[in-house]
2 protein chains.
Amino acid sequence: MATHGARGRSGGRPTLEEVAARAGVGRGTVSRVINGSPRVSDATRAAVEAAVAELGYVPNTAARALAANRTDAIALVVPEPETRFFAEPYFSDMLKGVGSALSDTEMQLLLIFAGSDRERARLAQYLAAHRVDGVLLVSVHADDPLPDLLAQLEIPAVISGPRSSAETLPSVDSDNYGGARQAVEHLLSRGRSRVAHITGRLDVYGAQRRVDGYREAMSDAGLGVDEGLIEAGDFTEEGGHRAMAVLLERHPDIDAVFAASDVTAAGARRALRDAGRRIPEDVALVGYDDSAIARHMEPPLTSVRQPIEEMGRRMIDLLLTEVADRRPLASRGLERRQMVLATELVSRSSS
Amino acid sequence: MATHGARGRSGGRPTLEEVAARAGVGRGTVSRVINGSPRVSDATRAAVEAAVAELGYVPNTAARALAANRTDAIALVVPEPETRFFAEPYFSDMLKGVGSALSDTEMQLLLIFAGSDRERARLAQYLAAHRVDGVLLVSVHADDPLPDLLAQLEIPAVISGPRSSAETLPSVDSDNYGGARQAVEHLLSRGRSRVAHITGRLDVYGAQRRVDGYREAMSDAGLGVDEGLIEAGDFTEEGGHRAMAVLLERHPDIDAVFAASDVTAAGARRALRDAGRRIPEDVALVGYDDSAIARHMEPPLTSVRQPIEEMGRRMIDLLLTEVADRRPLASRGLERRQMVLATELVSRSSS
DNA sequence: AGGTAGTGTGGGAGCGCTCCCACCAGTGAT
DNA sequence: ATCACTGGTGGGAGCGCTCCCACACTACCT
């Protein structure tokens, strides 16, 4: 059969052609059965399936990719060093959700780190070669060139956490605004009124939305918005510590703090302790993320939980749709697909 | 050019043929340049490279895979649930090493979890489709059927931690025997003589080698081997706690313990505290792995460090060799490639 | 009777590479 | 002058699929 000698290949996997011969049908028909086309009679389908089973036929993905111009693979791109990936539960939860959504698909998931310049160059090369049908982008900064590259290469992509209110890419996010409101309203319902807010990095859209939520919750409660109660952090512990110190100096009568992340809250807690404030007696504290830190803090931290696993699943849904009906770019963007998931307040003893 | 209509494909990536035309050479010559064949004159090579640059040519991997019957991808298979993968630093270190060794290669790394039965079935399907050129197997239990499946499919594989002294697959491991000796000799040099050993899971070959190392170090020191000083653990904290309690009951005069892992040592430490023993005054303690646990224990734990990142790099080296000179199975196995890396004792205040 | 739609089905053409054979200089030995 | 070679090169054939056109065959109208 191999007319030009034994080139590689020892066992010799069966091909479509062989299955077709075995089943007594044509090549096209076998292809139709394999790909689940409805235009095949039941009898023929059964015959083909039997032949597939007998021969142990497994489609050759390379041939399929070449002929159909698709790869059946998508990439989860993490624009961070691996270290952060392993350190933050955000990523492993995301991965879990993505994996579960993909498990009843033929799609293969590739995990790609693009933290260093070198890794980014490799990724660009990889994408240029169109080795994936779509890309999942997590944790993207406002000025990242990756989304543009993807658009230029016409590779479908979904982003977790839009870069702005005018995000053009389909996105899945948790309700940062609503989550912030939950946090503040919870503190108010506990009888607090001098509620401060330590923000996240303000070049991250989600952090801004949390500020918005804080502002409107305060305002709706008739307390007005005292800009002096807002201090910028950067999602780090050190930033939280610094901001808290500033706030205490400015407003010694603060009786509650909403921090934009659990790590930030940990920093704030340290500053509060330094200043001799008791939690929650003197100052109630609420974080964001409901990470392991929240559970293990002393006292355990009330925090706003994001459904990260669910977000991963939704991102896959969006991406697969995008890949499936890959249409001319012109018609995209009109029907923006931005998905927002609800958050949940997990109440513990810090508030 | 596309004679049968615009099938997908909007931009139209340039092909080998187009590059050849541009450079005024034949298809074969361009292929030779792309693949770095030496049989091309310098002038021709330059012309082709210029054409490649001008056109922004990127090889089509699917076509290459089909024609050459290779995928340029290898899989790192983790036969554990994702949770363990993220929890144990072993895996992230391994991944780091593997990634760095691969970074100056064309090879793509796939991370595949095979913890559940479902995932394993998917993996089997994946391997049957020959979607990777080779497989890296980490953390394989003695009775895992995966190695046999790989052998049957004739897919090159490298294993981390041989399953027995008769391992047929190429493997990379740290020197468990030597590491155990280092630990025991260290304790003896500190003036201890009643040294106990809490083992790992004994169906893991590496754990057995550690016992061997312990035995021979004791015996070489002229202390003889008291089997009563050896108690089986299972790499878990609970197992370590239980074993330590048993040992203390049996030999209240123990003055040192070598635990087969840091986690085990943490369990042992708890049992020692329960029994009112001070570390290291009454009992010196040494662990294995030099994980984060060791650094954060109270007191900091002396531990045997394995060069995990280096192991990852070596595994890649072995695998790439294996993939490159993929020869008839018959000649394999004769020249077994088992690699063993040295360990290092990291001394801290627990001993 | 002759249309007019469907359903199934076979198989040609083509996806963009790699492999390998043929061939064409040159160069030196015979 | 003839016969090896040897470094370079062109291009046919083929990898195993998917796509789509063509061609049955049925129905069910006019």
Side-chain angles (χ1 to χ4, degrees), chain A residues 1-21 23-48 52 55 57-72 106 129-131 133, chain B residues 1-48 52 55 57-72 106 129-131:
Chain A
M1 190 123 287
T3 49
H4 71 326
R7 194 212 281 179
R9 201 46 92 61
S10 44
R13 291 157 58 195
T15 70
L16 247 204
E17 195 95 46
E18 286 162 37
V19 175
V25 301
R27 205 166 10 83
T29 303
V30 177
S31 177
R32 254 158 272 163
V33 172
I34 300 293
N35 294 290
S37 155
R39 327 202 119 283
V40 181
S41 72
D42 289 349
T44 308
R45 181 183 307 281
V48 171
V52 165
L55 262 36
Y57 171 74
V58 180
N60 180 320
T61 12
R64 173 179 288 174
L66 178 59
N69 198 33
R70 61 195 167 83
T71 64
D72 290 326
E106 292 287 78
H130 284 261
R131 294 189 66 170
D133 291 339
Chain B
M1 190 123 287
T3 47
H4 71 326
R7 195 211 279 177
R9 198 46 91 62
S10 44
R13 291 158 56 197
T15 70
L16 247 204
E17 195 95 44
E18 287 161 37
V19 174
R22 177 85 167 217
V25 301
R27 210 172 358 87
T29 302
V30 177
S31 178
R32 254 160 267 159
V33 172
I34 299 293
N35 294 292
S37 157
R39 326 204 121 281
V40 182
S41 72
D42 289 348
T44 309
R45 180 183 308 280
V48 171
V52 165
L55 263 35
Y57 171 75
V58 180
N60 179 321
T61 11
R64 174 179 286 175
L66 178 58
N69 198 33
R70 63 197 165 83
T71 65
D72 290 324
E106 292 288 79
H130 284 262
R131 295 189 64 171

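A note on names: the letters A, B, ... follow the listed sequences, proteins ahead of strands, and every chain is numbered from 1.
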Practice problem: Over all heavy atoms of both residues, which pair between A:Leu55 and A:Pro14 is shortest? Give the atoms and the distance, please. | Solution: O-CG, 3.4 Å
Practice problem: State the CG-OG1 distance between B:Leu66 and A:Thr61, to the nearest 0.5 angstrom. | Solution: 10.0 Å
Quiz item: So does B:Asn69 get a side-chain nitrogen or oxygen closer than 4.0 Å to the phosphate oxygens (OP1/OP2) of C:dT18?
Solution: no
Exercise. Look at B:Ser31 and C:dC17 and indicate whether a side-chain polar atom (N or O) is within less than 4.0 Å of OP1 or OP2.
Key: no
Quiz item: Once you round it to whole Å, what is the distance between C1' of D:dC17 and CZ of A:Arg13?
Solution: 12 Å
Self-check item: Closest non-hydrogen atom pair between A:Ala62 and B:Ala65, with its separation
Solution: CB-CB, 3.6 Å
Practice problem: Measure from CD1 on B:Ile34 to P on C:dC17 and round the result to the nearest Å. | Solution: 9 Å
Practice problem: Send over the distance from A:Glu17 CD to D:dG14 P, rounded to a whole Å. | Solution: 13 Å
Exercise. In whole angstrom, give the distance that lies between atom CG of A:Leu16 and atom P of D:dC15.
Key: 13 Å
Quiz item: What's the shortest heavy-atom distance between A:Arg131 and B:Thr71, and which atoms?
Solution: NH2-O, 3.5 Å
Exercise. Rounded off to whole Å, could you give me the CZ-to-P distance for the B:Arg64 and C:dC19 pair?
Key: 10 Å
Practice problem: Please round to 10 degrees the angle between the axis of the first five pairs and the axis of the last five pairs in the helix from C:dA1-D:dT30 to C:dT30-D:dA1. | Solution: 60°
Quiz item: Roughly, in whole Å, what's the span from CG in B:Asn35 to P in C:dC17?
Solution: 10 Å
Quiz prompt | Nearest atoms (heavy-atom pairs only) where A:Arg64 meets A:Asp72 | solution = CD-OD2, 3.9 Å
Quick one: side chains of residues 26-34 of chain B, donor-acceptor pairs under 3.5 Å with protein atoms, not counting sequence neighbours, listed by atom name and distance.
unit_1	atom_1	unit_2	atom_2	d
B:Ser31	OG	B:Asn35	ND2	3.4
B:Arg32	NE	B:Gly28	O	3.4

Quiz prompt | Least distance between heavy atoms, A:Ala129 atom then B:Pro59 atom | solution = CB-O, 4.2 Å
Any protein N or O atoms within reach of nucleotides 7-10 of chain C? Criterion: under 3.5 Å, listing atom names and distances.
unit_1	atom_1	unit_2	atom_2	d
C:dT9	OP1	A:Ser41	OG	3.0
C:dT9	OP1	A:Thr44	OG1	2.3
C:dT9	OP2	A:Ser41	N	2.9
C:dT9	OP2	A:Thr44	OG1	3.3
C:dG10	OP2	A:Gly26	N	2.7
C:dG10	OP2	A:Thr29	OG1	2.6
C:dG10	N7	A:Arg32	NH2	3.3
C:dG10	O6	A:Arg32	NH2	3.3

Self-check item: Protein-nucleotide distance (A:Asn60, atom CG; D:dG14, atom P), rounded to Å
Solution: 18 Å
Practice problem: Using whole Å, report how far OH of A:Tyr57 lies from P of D:dG16. | Solution: 10 Å
Practice problem: Please report the shortest heavy-atom distance between B:Thr15 and B:Tyr57, naming the atom on each side. | Solution: C-CE1, 3.6 Å
